[in-house]
2 protein chains.
Amino acid sequence: MRKVTIWFILFVWTSTMFAQKRILMENLGVSQDKDITPIVLEALQQADFKDAILVFPKGTYHFYPERAIGKYHAVTNHDNSYKYFAFPLIGCTNIEIDGGGSDFIFHGVMTPFLVENSMGIKLKNFSIDWKEPFYLQAEVLESNALEQYVDIAVNPMTKTEFEGNRLGFVTNGLSLPFLGESMVFDPKTNAVAYNAQSYLLNGVASRKTFDQSLGGNNYRIKARFAKTPAPAGLIYVFKGPNRSNRLAPAIHLTNSSNLHLDKLNIYHAGGMGVIAEKSENIHLNEVNVKLREGSGRMVSTTADATHFCNCKGELVIENCLFENMLDDASNIHGTYVKISELVDKHTIRAGVNHIQQFDYNFASSGDKVEFITNETLLPIAPATVKSFKKINDHLFELSFVEELPATLKVNDAVDNVTWYPTTIFRNNVVRNNRARSILISIRNKTVIENNTFSSMMTSILFEGDLNHWYESGAVDDVLIRNNIFYDCVYGGGKGSVIWINPRMKQTLKDQPYEKNIVIEDNEFRTFDNSILSALSVDGLIFRNNKIIESGTYPKLWPGLPVIEVRDGLNTLIQNNSFEGKEKARIVIDENSSRSLKIDKKQKGFVIDKK
Amino acid sequence: MRKVTIWFILFVWTSTMFAQKRILMENLGVSQDKDITPIVLEALQQADFKDAILVFPKGTYHFYPERAIGKYHAVTNHDNSYKYFAFPLIGCTNIEIDGGGSDFIFHGVMTPFLVENSMGIKLKNFSIDWKEPFYLQAEVLESNALEQYVDIAVNPMTKTEFEGNRLGFVTNGLSLPFLGESMVFDPKTNAVAYNAQSYLLNGVASRKTFDQSLGGNNYRIKARFAKTPAPAGLIYVFKGPNRSNRLAPAIHLTNSSNLHLDKLNIYHAGGMGVIAEKSENIHLNEVNVKLREGSGRMVSTTADATHFCNCKGELVIENCLFENMLDDASNIHGTYVKISELVDKHTIRAGVNHIQQFDYNFASSGDKVEFITNETLLPIAPATVKSFKKINDHLFELSFVEELPATLKVNDAVDNVTWYPTTIFRNNVVRNNRARSILISIRNKTVIENNTFSSMMTSILFEGDLNHWYESGAVDDVLIRNNIFYDCVYGGGKGSVIWINPRMKQTLKDQPYEKNIVIEDNEFRTFDNSILSALSVDGLIFRNNKIIESGTYPKLWPGLPVIEVRDGLNTLIQNNSFEGKEKARIVIDENSSRSLKIDKKQKGFVIDKK
């Protein structure tokens, strides 16, 4: 039945593809010297929102929120607000935007592309940038560790707002009264600075600065730095306080299917580059999130380059460059919602828990879910959604066809397992960004191959949790092969290049959370020790990998083992090689040792079984 | 046709009234020790949102946002946001909430009552209050005019948040990083302090304070005060920065009809007490916006006590006490929207212009409007709305049955004249509040009688404008009689007790903006000079009024005439009396003098015709 539906949809979609009308935007009067937002809307209306290609002559085009379609709009992992859309692809079928190599420049707090309730959408061959960046960039002129201040020269691309003794900034019409979340880059590498986490102003410290004008664009920032202010020559970037700095993602895909993003350069966004939720079949090819050459900017997007929440079908991300974002390159996951009330035998109340998940459409009638135990994050039983009814933006009522499991209790969770994709992440380069390269929490087949990774934190992170991000879920089939990991985890935080780290309160030793992760034929050329740390995984294979100490930086965590497995079942470690100053320690805990298979002749290793 | 419709509606409404089912809330488990928000919803659902009286046993009940119905919600003259509603009277018919004399206590940023798309709603016999006030109150301990600081003792009912050298506060879960908009009260009078405007921190000054902790709840606030810091013993109140301090009105009435509010005490709201828009037939009886005795609070609502935007039918406000609000007692007006584009012969684009009007539903098909000239605010021609289509929250497309007037141009305005009420404002007391008593911009018959007014600014203000508030429109039939005006306009700003002050750029001398304002049989017992100032009015009558100088305070504006008329047509001033130290000056400009009728024997006056 389901297969028939899919084939029918594919048939309809494919057959309509041939009926696309070419709308030449020059005929509608697009020009490089005016706000063309209303003209895009006119073109879409002319096409009745279907079966058309909007073709732009190559040029630089400007978009403003004043005359854009607007509505209150929730975007997962962003800040919900009344938003304005330059390309409101809402309820569209078979629409292509062909930028012809154009630069699209956005002004103000707006969302360039919304693809919602649509099918068969292709965005290709253009760039997205903002006239004014959503952050402030400043070079350190002088640094005083004793008195805990830095003197900085603010890059004039962002307008400061100095009030009382607080330095804030105004950008895109948005007044950010505090410097807010910070990061430190090194202009010599164009990357996040080595050990940058020591230099940050975290949380309340970013609101408690005592700032002083030094004349011109120079300021003294006196504050409680994480450890010490960044030395002269490094670059601070500040993106304003939490809750005001994720308002303007570049491309939002939601409740849509068959989506192709091809040859795009996303130079900036006040949020993520591509954020997709509850959508099916997504293909990114040559979607680069990168610095625009000559822009003088150190930051591309102010949050993740790409992010996929509860997508399904096939997700392919290939041939992309992701650099200088202020968050991960890709985070692909589902959602754990927490039960607050057992209403009757078939009905619960549950909710999203992180404020940037608010107003999320968690489920629809017919979705398959799994109930999850709070303590172990392990499944209790499957069920089928009968109805999903929102009460408000963080609470809803869910009823199920089946009776609730007898052991189900308040604070257990629900995971919508209909909405996971099979995923291919290949031929991509991730570098110079804050945070991780990629996060994988997908139960379906996932292949990560032929990529190059170099991020300040973990390169590949596995971490379901039910207490902070509420991102599900356990993996079941992941292949990581032929990747090169250059210097990773250099930001100062603890972590491994590949880190399998589910966040359950309690581990059942015979029932691991993660399953079947194969890591093979990769090359690790990094400066620090920890390459792989794995917790609660069944069927982990680490073989034919080459590890070479790069010596680029002093080690940050010299005490950590190169490989560590805890609460693993059926682990295989085989035919890896290590080149470094000392032997590489492999640490396996007692529980994992029982079913471990390990090749004891691997070059450069020493095994430490508990 | 229209009459038939109204009679039919009245018939249906009246006949259904008898079918109201009494729902005893104690049977649903309301109790004084828990969040009863979900129980209210359950009661409404049980009644299928119609024909029911929810009867509360007398008690103190608590409401929280966590389990309340929520949605993104626009409220005119407030800050739009995702809001939570304790009583979501949405799509209701013939529903009464009978509080039985209960106290309803709200927690967090929520809107207690939303009446939307409803008909025949009665709210009676309860009070509305918040556990935590949406403002900070602080007594002045010491005041230093030379160094421009005050030392204050913060009332512990509000939690301060001291960061860097900024004093802010946290209330109802809302973090307000600056003190924000301020007012000064005098605990000896319980009213706004005489000449309070000298003591304020206005606009950017409220964000540029240098604050210092003096230990305990005491702080030193060093800032640029309007003139000088308030002397010791007075009370500062701060409600946080603009755009974060009008989030939680007590009662919002929108797109509804036949609404009765009876015997309510609104002790507090983070916004207005009653805000009504696009609603028909509204009756307020004994709706008091007042201080709760013994609360120690100096402020009732943080914005207007009541406010009516584009309402129609009959509006009656009687037997109410409005005191200690941080804004007007009543503001009754329409809306001028500004034309941004002439699209075709029948179509314009226009928009709301003040951010607190954003997302306003200005018109519907069939509404009668008038086109208004930008420069003079005078009507060009009437028209009938064919369609109203929102583009975003500040821009919409309006098409008309008729062709647009030939002279119509961009920046002219549209006034929706279908949506004005006939109004009675009687037997009310207004006192001790910030701002005006009432503002009247209503073209239909308006009677203001038997009230007592004493506000820090103008008591009765007439002011259409197309550059700041965009509140329409001209009056045509206003009777102000038998009111007592105690000390008014004592806050320090310029103004008259009754001030007719339309804000057009250009006055046409033979075409006044306002019409037919009769002011008779009133008593003015105030300390300052200016009783009546009138600009651009045809048919102003000021007769049989008694003016007695109270001597309560030193005069603030001794140079102003007692009565002044500019650009008036057909003014009549007759049989008034004045008692004061000097004779009262009546100043009439040359243009007004031509058609003036004035009784030269009035006691205590001297006439100064130009």
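Each chain gets a letter, A, B and so on, in the order the sequences are listed, and its residues count up from 1.
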> Counting only heavy atoms closer than 4.5 Å, note whether B:F85 contacts chain A via side chain, backbone, both or neither.
neither
> Side chain from CB out, backbone as N, CA, C, O: work out which of these in A:L395 comes under 4.5 Å of a heavy atom of chain B, or both, or neither.
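Side chain of A:L395 only, per the 4.5 Å heavy-atom cut-off to chain B.
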> Give me a line-by-line list of donor-acceptor atom pairs from chain A to chain B that are under 3.5 Å apart, or tell me none exist.
residue	atom	partner	partner atom	Å
A:E66	O	B:N392	ND2	3.1
A:E66	O	B:H394	NE2	3.0
A:A68	O	B:N392	ND2	2.7
A:G70	N	B:I391	O	3.1
A:Y82	OH	B:D393	N	2.8
A:Y84	OH	B:D393	OD1	2.6
A:Y84	OH	B:D393	OD2	3.1
A:E163	OE1	B:R207	NE	2.8
A:N165	OD1	B:N165	ND2	3.2
A:N165	ND2	B:N165	OD1	3.1
A:R166	NH2	B:R207	O	3.1
A:R207	O	B:R166	NH2	3.0
A:R207	NE	B:E163	OE1	2.9
A:I391	O	B:G70	N	3.1
A:N392	ND2	B:E66	O	3.1
A:N392	ND2	B:A68	O	2.7
A:D393	N	B:Y82	OH	2.8
A:D393	OD1	B:Y84	OH	2.7
A:D393	OD2	B:Y84	OH	3.1
A:H394	NE2	B:E66	O	3.0

> What part of B:P65 lies closer than 4.5 angstrom to a heavy atom of chain A: side chain, backbone, both or neither?
backbone
> Sequence neighbours excluded, which residues qualify as ring-ring contact (aromatic ring centres under 6.0 Å, His included) partners of A:F49?
none
